[in-house]
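Reckoned from all heavy atoms, side chains included, excluding hydrogens, waters and symmetry mates. Treat the numbers as computed from the prediction; the structure is a model and nothing was measured. Along the sequence shown, the residues carry numbers beginning at 1.
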Amino acid sequence: METFDLLMQGFSTAATPLNLLYAVIGVLLGTAVGVLPGIGPAMAIALLLPVTYGLEPTSAFIMFAGIYYGGMYGGSTTSILLNTPGESATVITAIEGHKMAKAGRAAQALATAAIGSFVAGTIGTALLVAFTPMVVDFAVSLGAPSYLAIMVLALLAVTAVLGSSKLRGFASLGLGLAIGLVGADHTTGQQRLVFGQPLLVDGLDIVVVAVAIFAVGEALWIAAHLRRRPMQTIPVGRPWMGKQDWKRSWKPWLRGTAYGYPFGALPAGGAEVPTFLSYVTEKKLSKHPEEFGHGAIEGVAGPEAANNASAAGTLTPMLALGLPTNATAAVMLTAFIQYGIQPGPLLFDNEPDLVWALIASLFIGNTLLLLINLPLAPLWAKLLQIPRPYLYAGILFFATLGAYAVNLQAFDLVILLVLGALGFMMRRYGLPVLPLIIGVILGPRAEEQLRKALQLSGGDPAGLFSEPIAVGTYILVALVLLLPLAISGFKRLRPQPEGVPAGAEPRGEAASAETRQEATVASSPRETIAEDYQYQHDHKEKP
């Protein structure tokens, strides 16, 4: 009851007209910077730190919270409409969301992202209020072996289920891990793959890599094949979610929330891992697996919910331990220190008005996000009716602006063009781009946890299996890798109906789910010029 009373006091502070105004400003700014590729909530808060120095701390943090949640949602908008993630946590959203947009269902994708963000953010904030002590104790109890195992599971699980060729998926993952090695080794200080260029010592920024591979690579691919067919305007479609969309979205919202909050609270968690795992889960559980890769609404609803639930989870260790788990939390920690406030176990006792007003503002910011962005879904979707030469020219402009704004270095523009050319070549040869991004994001983190685990065990590999959660996770890894092989072997060994040649799949009622899925994919219309070219290339007859 004491917690509830404190939360009500927080609402009374956050609901004052002035603080509500700051919440609205934060939500609008967060959505705007999320829409712009490369300018994420962390950078927006960092840029506003000098401006807010004269503000009362409670008002400043209410605005920062609005920017945080707004940026999480805004990044999904460009992922869906332009295949250009504004944040690394919205990379997964681009897979199915952009396919839905090309199929004339952009408004539905944006709507399920907005509602999923509201549901997950509200539940995640409620969990922040109710279970902060328990979650913090659990997060602190995990060691490096468990973190490493979780990251290995995320790397292999997503790579194994994307694309028609696992070999191409792992080749793309290898490219991402190699890019993640660029820079100085954090343990020894040794420079790796910098080629004598001092600006590479700090490594490649993930935002620059994501914008280059997705936005620039996509723009170059479309430009290369724009004249193969008369330019077509993509229809916007119905403006709201239908009954079937709601039915297929509500379970992914809840499952994504269940993934996002615990991972956000982990000191090595963040929003990337739960969005990857949510996508894999929805693909496995979906009654329409053939739609994945072609615009499945579950592939938007689940990852977006996981993304926003992790935002609430991130605040748990930041407020209770003073431990930031992502860039935005780190900048907010800097803001606390700027105001002379020390996050940690005593924060709830020393600054109760500030903490509970901040938590209450998360509920208010979530509601504002839904009220502002849900009616704007059809308006955002109309961006797709812009002629593609103008649209992709705008994408390149904002991609360049976003990449330059990350470090304010012209060298990042060179990296943008080089990696954009890599993204074009990957599309040309059928390599999925998502495993590369996963490798860049999680590769350095996995290396760091591997180093810690081996240091703690004195170099003994048995130390990697020293925690029960690590052992359980590696069992899941083995299942992910071996289960498809076991199923394939079982299908080869099972008896075939009479009249069906050995090794051939039966037709009619006995046809397997994979056969029907492949038939659906092969017969589905190619929605864009680039897809038509890629489809012809991937299915051309071999000599």
Side-chain angles (χ1 to χ4, degrees), residues 38 85 87-89 91-92 144-145 147-160 162-163 166-214 216-217 267-273 276 325-327 330 403 406-407 409 411-426 429 431-456 459 461 463-464 477:
E87 277 285 294
S88 60
V91 167
I92 290 288
Y147 292 137
L148 174 63
I150 291 171
M151 292 178 186
V152 170
L153 175 62
L155 286 168
L156 296 183
V158 179
T159 303
L162 288 177
K166 290 183 175 60
L167 179 60
R168 291 179 179 179
F170 282 105
S172 177
L173 177 62
L175 288 172
L177 294 174
I179 293 174
L181 289 175
V182 174
D185 187 332
H186 293 292
T187 303
T188 65
Q190 182 180 1
Q191 297 181 4
R192 304 180 298 191
L193 301 178
V194 299
F195 306 106
Q197 176 56 253
L199 293 176
L200 287 177
V201 172
D202 292 331
L204 299 178
D205 193 281
I206 179 56
V207 173
V208 176
V209 176
V211 169
I213 296 295
F214 278 94
V216 179
E272 293 85 2
V273 174
F276 299 153
T325 62
N326 64 12
V406 170
N407 298 309
Q409 292 283 349
F411 181 73
D412 283 338
L413 300 182
V414 178
I415 298 297
L416 184 76
L417 293 177
V418 172
L419 293 180
L422 175 62
F424 172 81
M425 296 304 295
M426 292 178 68
Y429 292 104
L431 271 67
V433 298
L434 182 62
L436 183 146
I437 301 296
I438 297 173
V440 175
I441 294 173
L442 296 185
R445 298 186 186 183
E447 180 190 11
E448 181 181 359
Q449 299 303 323
L450 175 63
R451 293 276 187 86
K452 288 182 179 179
L454 292 177
Q455 286 173 351
L456 292 173
L464 301 178
V477 170

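- V418 meets the side-chain contact (heavy atoms from CB on, under 4.5 Å) test with V414; sequence neighbours excluded.
- In this structure, the side chains of L204 and D412 stay at 4.5 Å or more apart for every pair of heavy atoms.
- In this structure L417 satisfies the side-chain contact (heavy atoms from CB on, under 4.5 Å) test with no other residue, sequence neighbours excluded.
- With contacts defined as side-chain heavy-atom distances shorter than 4.5 Å, the pair Q197/F411 qualifies.
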Quick one: side chains of residues 169-182, donor-acceptor pairs under 3.5 Å with protein atoms, not counting sequence neighbours, listed by atom name and distance.
unit_1: S172; atom_1: OG; unit_2: P432; atom_2: O; d: 2.6
unit_1: S172; atom_1: OG; unit_2: L436; atom_2: N; d: 3.2

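- Residues A144 and K452 come closest through the heavy atom pair CB-CB, 3.7 Å.
- Listed by chain and number, the residues in a side chain to side chain donor-acceptor pair (under 3.5 Å) with R451 are D185, T187, E447 (sequence neighbours excluded).
- L200 places none of its side-chain heavy atoms less than 4.5 Å from the side chain of L193.
- Applying the side-chain hydrogen bond (donor to acceptor under 3.5 Å, both in side chains) test to every pair with at least one member in residues 413-423, sequence neighbours left out, gives no pairs at all.
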Chi angles and distances behind the side chain to side chain contact (heavy atoms under 4.5 Å, CB included) call for V209, I415: CA-CA 8 Å; V209 176; I415 298 297; 5.7 Å; no
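- When all heavy atoms of A212 and L419 are compared, the pair lying nearest together is CB-CB, 3.5 Å.
- Annotation: salt bridge (charged side-chain N to carboxylate O under 4.0 Å, His left out) contacts of D202 (sequence neighbours excluded): none.
- Residue G439 comes nearest to P444 through the heavy atom pair O-CD, 3.9 Å, listed as atom of the first residue, atom of the second, then distance.
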